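Here's the structure, in structure tokens; my notes come after.
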Protein chains: 2
Amino acid sequence: MTDPAFEAHDHHACIVDGVAAVERACVARGLQLTQTRKRVLEILLSEHKAMGAYEILDVLRAEGLGSQPPVAYRALEFLTKHGFAHRIERLNAFIACSHFGDAHAPVFLICRRCNSVAESRSDVAKSEIGRIAKGAGFVIERTVREAEGLCPKCVEAA
Amino acid sequence: MTDPAFEAHDHHACIVDGVAAVERACVARGLQLTQTRKRVLEILLSEHKAMGAYEILDVLRAEGLGSQPPVAYRALEFLTKHGFAHRIERLNAFIACSHFGDAHAPVFLICRRCNSVAESRSDVAKSEIGRIAKGAGFVIERTVREAEGLCPKCVEAA
DNA sequence: CCTTAGTCGTTATGATATTTCATAGCAACC
DNA sequence: GGTTGCTATGAAATATCATAACGACTAAGG
């Protein structure tokens, strides 16, 4: 039950499948996956790592797709708003969604050594944070659940 | 089982007790609670809300305790490093610790309407994120668990 | 055609955080 | 007393992350 993000795998398929899934979702929901938005998604999918907005912007700039911060932030806003990407608060960075279609709240495992990030999902209501909120009479709208540490490979290497 | 942060309470006692507890801990551990560090702690304790580093810096500046960003960041680093305060990643802001002496990892409930923040604790090993990490062979060193939503009072008001 | 919602390009600015170099204070030691 | 090591501070500059605001373009529906 280790996570693909921490294992060797057919990564080209990750990208192709990821883009295809988002394209389908956009058609289904009447959203416009414009060139810049699509390219930002591909950039995010290119590795199982979180990327900063300016890092993404550098790539866009090199390709003539835009050079100013709002270009990257607008694309990222679109992708995160519709669940095609997520923001990692701990890193002030972004990552493509890898559990598409699943409505549960994301949980991230961030390796501080190789910088890979694995996404998992779990039902907030059944989680510790859900129980705590319930006990306090607090109504949760959004959760941030991120763990920092070492992935299996880096544990072994260390 | 609602949280004090969301209820009326003797807040002056929060501040006095909070500072006293940290003073004791510093003596016990041989740490120096310098004037700036102590003042930053008091500022953080002044409300059950998270404060930005520059907001804190404004207060220090007004009191002649320092005017450059590193002054605030150094004090905050000291306080967070030793568990006297926490960083709220979702807000890029800081809050005084309210579960002093308890070693478990913090969980925060952030009200988006009144900005109050309640701190709770739970054992990572027994939490959802702990189970997920274990399943993935991931070794957790630090967790970020924050829920955003409405506190009991604000739910009622809405 | 015309309106309108959505998107895009650009300038400027705001907000948060760190690096860097220099200095002050203090205690241990010879 | 002088040196060393350590911790904390001061000050300037810069790096990094994010948004506001405005005008222009475009495609879809009336």
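We name chains A, B, ... by the order of the sequence lines, and we start the count at 1 in each one. Note that these values count all heavy atoms, side chains included, but never hydrogens, waters or copies made by symmetry. Keep in mind that what you see is a predicted model, and the values were worked out from it rather than measured.
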Both B:Tyr54 and A:Ala53 contact DNA chain D. Which one's nearest nucleotide lies toward the 5' end? B:Tyr54
A:Leu60 CG to C:dC8 C1', in whole Å, measures 13 Å
B:Lys153 with B:Glu156: basic N within carboxylate O range, under 4.0 Å: no
So, is B:Arg87 close to the C:dA17 phosphate, meaning a side-chain N or O under 4.0 Å from OP1 or OP2? yes
For A:Ile129, is there any backbone N or O sitting under 3.5 Å from a side-chain donor or acceptor partner on A:Arg145? no
Along DNA chain D, first and last positions that approach a heavy atom of chain B under 4.0 Å: D:dT7 to D:dA12
Kindly say whether B:Glu148 contributes a backbone atom to a donor-acceptor pair with the side chain of B:Arg112 at under 3.5 angstrom? no
Residues B:Leu44, B:Leu76; criterion side-chain contact (heavy atoms from CB on, under 4.5 Å); working and verdict: CA-CA 10 Å; B:Leu44 287 176; B:Leu76 289 167; 4.0 Å; yes
Grab the CZ-P distance between A:Arg90 and C:dA17 for me, whole Å please. 11 Å
Once you round it to whole Å, what is the distance between P of C:dG9 and CZ of A:Arg37? 11 Å
Would you kindly give the CD1-to-P distance between B:Ile56 and C:dT16, to the nearest whole Å? 11 Å
Whichever of B:Thr36 and A:Gly52 has its nearest DNA chain D nucleotide further upstream toward 5': B:Thr36
Protein-nucleotide distance (A:Arg61, atom CZ; C:dT10, atom P), rounded to Å: 11 Å
Mind checking whether A:Phe6 and B:Phe138 have parallel, tilted or perpendicular rings, split at 30° and 60°? parallel
To the nearest angstrom, the NZ-P distance between A:Lys81 and C:dT7 comes to 8 Å
Distance, rounded to the nearest Å, where A:Arg74 contributes CZ and C:dT11 contributes P: 13 Å
For this output row, return yes or no: ring centroids of A:His48 and A:His11 closer than 6.0 angstrom. yes
Output, in order, the C-alpha distance, side-chain angles, deciding distance and verdict of salt bridge (charged side-chain N to carboxylate O under 4.0 Å, His left out) for B:Glu42 and B:Arg39. CA-CA 5 Å; B:Glu42 286 170 356; B:Arg39 188 68 192 111; 2.9 Å; yes
5' precedence on DNA chain C between A:Gln68 and B:Tyr73 (nearest-nucleotide basis): A:Gln68
Rounded to whole angstroms, how far apart are CD on B:Gln32 and P on C:dG25? 14 Å
A:Thr34 side-chain proximity, nearest of C:dC8, C:dT20, C:dA17: C:dC8
